[in-house]
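Here the structure is laid out as structure tokens; the discussion comes afterwards.
Quick caveat: nothing in here was measured; it's all calculated off a predicted structure. Values below: all heavy atoms of this structure, side chains included; hydrogens, waters and symmetry mates excluded.
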Amino acid sequence: MVPKTTTTWFDGSVEKPLNREPSPEVLIEKFISEKDVYDRNHGPIPHIDATQHILRIDGSVNKILDLPVPFLHTLPQHSVVSALQCAGNRRHTMRTKEKEVWGIDWHNGAVMNAEWSGVLLSTVLKLADPTLDPSQTSHVAFSCYQTATQDDGYYGGSIPLSRALDPDMEVLIALKMNGKPLTPERGYPVRMIIPGVAGARAVKWLDRITVQKQESSNAYQQRDYKILPPEVETKEQAAGYWHKLPSILDMPVNSVICCPASGAEIEDPRVKPLCISGYALPQGADGPVVQVEISKDNGKSWTNAKILKEGGRWSWVLWKFEYRGEVEEDTTFLCRATDKGGNRQELATGQWNLRGVGYNVFGELTGLKVVKNGEGGNS
Ligand SMILES: Nc1nc2c(c(=O)[nH]1)N[C@H]1C(S)=C(S)[C@@H](COP(=O)(O)O)O[C@H]1N2
Ligand SMILES: [Mo]
């Protein structure tokens, strides 16, 4: 059982922008994340009057559309349970296990799981009638011009047109989170939600959707959120690589242990079973996660954990594992997830990249301290 806790925030703000994540116990307290969720911003949070806000659909389309937000609410609505995860989630583990990286020190909490509702992007694109062929390399770019960002004059990202037009991919122009209007922090009055894809493309405070031949030219599509090769060790070296590398789209299969924390004091699991719990995420469109396993012998053998709740293809799963047995000073528990598409976490270490993105080594729990009854511990 996950203990009830009051929220404690890890604050990773870079100067002004709000960047923070909930503590791991709070993160997995609920299957559907509500208000205790991470914030990731590259600039200030705008406060928008929804009655005045217009979403423009343009670029290579037969019909340019100016869609007022109240009109978006009258179109057919679609709901999807989907995780939203920053590409830099788990960067702290990469920094501590591998070597120094450049970016916000996210622990395991730059992820949330919610029911998003709004209009399918494919519905709106059909109205605009794209003139580009989705089988070619064409893209749909999402832009927010409300404020300048740290690295560009606006915020933007893009996905391939083929994905945008596929209703099965459930790419959503989102108006609500868990049945309620988005809050200003979540992108009110309208944001993108792109199930399976890195959070960086989920543009908040959305102003414009553009069908175009190239990817978004925004800095966060072109000069960030890419997996740099390991030989790139400085920002200066990175400059010569960005244009050669693909932008991150799908997030990898992943799992982490949230409770207890590494280094925690626990009662002897020979006397009282130790409850290990966490979340797991599928890779891209290959969800749901179908198996989470635990190893106590460095990955030689694995035992199934129990998946507590499953929410479909794009959702996270929450899981737990009850351990009865000895815990010694050097005992380490690992976890790994496998999704419906057969993708499985494979590595205990490795995957270092300068920006610390796309990290999915096994989840790990170490340094547990067994305390005798009456000495305190995980009461
Ligand atoms: N307009 C705008 N949209 C944005 C961002 C931003 O800085 N500005 N950050 C992106 C990134 S990197 C992530 S991970 C998600 C975070 O969404 P959240 O703040 O709702 O958690 O929003 C994305 N959309
Ligand atoms: Mo992100």
Applying salt bridge (charged side-chain N to carboxylate O under 4.0 Å, His left out) as the test, list every pair that has at least one member in residues 169-198; sequence neighbours left out. Asp39-Arg186
Residues in side chain to side chain donor-acceptor pair (under 3.5 Å) contact with Asp168, at least two apart in sequence or another chain: none
If you apply the rule side chain to side chain contact (heavy atoms under 4.5 Å, CB included), what do you find for Arg90 with Val256, and how did you get there? CA-CA 9 Å; Arg90 304 193 65 198; Val256 301; 3.3 Å; yes
Glu322 (side chain) donor-acceptor with Leu274 (main chain) under 3.5 angstrom: no
Heavy-atom closest contact (Ile194 atom, Ala202 atom, distance): CD1-N, 4.3 Å
What I'd like to find out is whether the side chain of Val253 reaches to under 4.5 Å of the side chain of Pro282, using heavy atoms alone. no
Does Gln146 reach the side chain of His47, with side-chain heavy atoms less than 4.5 Å apart? no
Whether Gln85 side chain and Val111 backbone form a donor-acceptor pair below 3.5 Å: no
With a cut-off of 3.5 Å and sequence neighbours excluded, list every side-chain donor-acceptor pair involving residues 304-312.
unit_1 : atom_1 : unit_2 : atom_2 : d
Asn304 : OD1    : Gln291 : NE2    : 2.8
Glu310 : OE2    : Gly312 : N      : 2.6

Residues at least two apart in sequence or cross-chain that pass ring pair (Phe, Tyr, Trp, His ring centres under 6.0 Å) with Tyr188, listed by chain then number, are none
Looking at Asp224 and Arg355, does any basic side-chain N land under 4.0 Å from a carboxylate oxygen? yes
Do Asn353 and Lys226 get their side chains close enough for a donor-acceptor pair, meaning under 3.5 Å? no
Tell me the salt bridge (charged side-chain N to carboxylate O under 4.0 Å, His left out) pairs involving residues 248-258, sequence neighbours left out? Arg163-Asp250
If you look only at distance, which donor and acceptor atoms sit under 3.5 Å apart when one is on a side chain in residues 93-100 and the other is two or more places apart or in another chain?
unit_1 : atom_1 : unit_2 : atom_2 : d
Arg95  : NE     : Glu100 : OE2    : 2.5
Arg95  : NH1    : Asp105 : OD1    : 2.6
Arg95  : NH2    : Glu100 : OE2    : 2.9
Arg95  : NH2    : Val101 : O      : 3.0
Arg95  : NH2    : Gly103 : O      : 3.4
Thr96  : OG1    : His92  : O      : 2.8
Thr96  : OG1    : Thr93  : O      : 3.3
Lys97  : NZ     : Glu364 : OE1    : 2.5
Glu98  : OE1    : Gly350 : N      : 3.1
Glu98  : OE2    : Gly350 : N      : 3.0
Glu98  : OE2    : Tyr359 : OH     : 2.6
Lys99  : NZ     : Glu233 : OE2    : 2.5

May I ask you to check whether Ser117 and Ser79 show a side-chain donor-acceptor distance below 3.5 Å? yes
I'd like to check the side chain to side chain donor-acceptor pair (under 3.5 Å) partners of Ser33; sequence neighbours left out, ordered by chain and number. none
Between side-chain atoms of residues 238-249 and protein atoms elsewhere (two or more places apart, or another chain), which donor-acceptor pairs fall under 3.5 Å?
unit_1 : atom_1 : unit_2 : atom_2 : d
Ser247 : OG     : Glu215 : OE1    : 3.0
Ser247 : OG     : Glu215 : OE2    : 3.3
Ser247 : OG     : Gln221 : O      : 3.1
Ser247 : OG     : Gln221 : NE2    : 3.2

Only pairs at least two apart or in different chains count here, so list each salt bridge (charged side-chain N to carboxylate O under 4.0 Å, His left out) that has a residue in residues 41-62. Arg56-Asp66, Asp58-Arg208
Which salt bridge (charged side-chain N to carboxylate O under 4.0 Å, His left out) pairs, counting each pair once, include a residue from residues 275-303, with sequence neighbours left out? Glu293-Arg336, Glu293-Arg344
If hydrophobic clusters are built by linking Ile, Leu, Val, Met, Phe, Trp and Tyr wherever their side-chain heavy atoms come under 4.5 Å apart, do Tyr154 and Tyr220 end up in the same one? no
Could you list the cluster mates of Leu334? Members are the ILVMFWY residues connected by side-chain heavy atoms closer than 4.5 Å, either directly or through other members. Trp302, Phe362
Linking I/L/V/M/F/W/Y whenever their side-chain heavy atoms sit closer than 4.5 Å, directly or via other members, would Ile209 and Ile64 fall into one cluster? yes
Partners meeting side chain to side chain donor-acceptor pair (under 3.5 Å) with Tyr155 (sequence neighbours left out): none
Do the side chain of Trp316 and the main chain of Tyr279 share a donor and acceptor less than 3.5 angstrom apart? no
hydrophobic_cluster_shared for Val119 and Phe71, side chain cutoff 4.5 Å: yes
Is any side-chain heavy atom of Leu132 closer than 4.5 Å to a side-chain heavy atom of Leu161? yes
Between Asp207 and Ser143, do the side chains contain a donor N or O and an acceptor N or O under 3.5 Å apart? no
Interatomic distance, Gln222 atom CD to Ser217 atom OG [nearest 0.5 angstrom]: 7.0 Å
For Phe333 and Tyr323, which heavy atoms make the closest approach, and how far apart are they? CZ-CD2, 3.7 Å
Hey, quick one: are Leu67 and Tyr145 part of the same hydrophobic cluster, counting side-chain heavy atoms closer than 4.5 Å, chains of contacts allowed? no
For the pair Glu115 (side chain) and Asn178 (backbone), establish whether a donor and an acceptor sit closer than 3.5 Å, ignoring hydrogens and angles. no
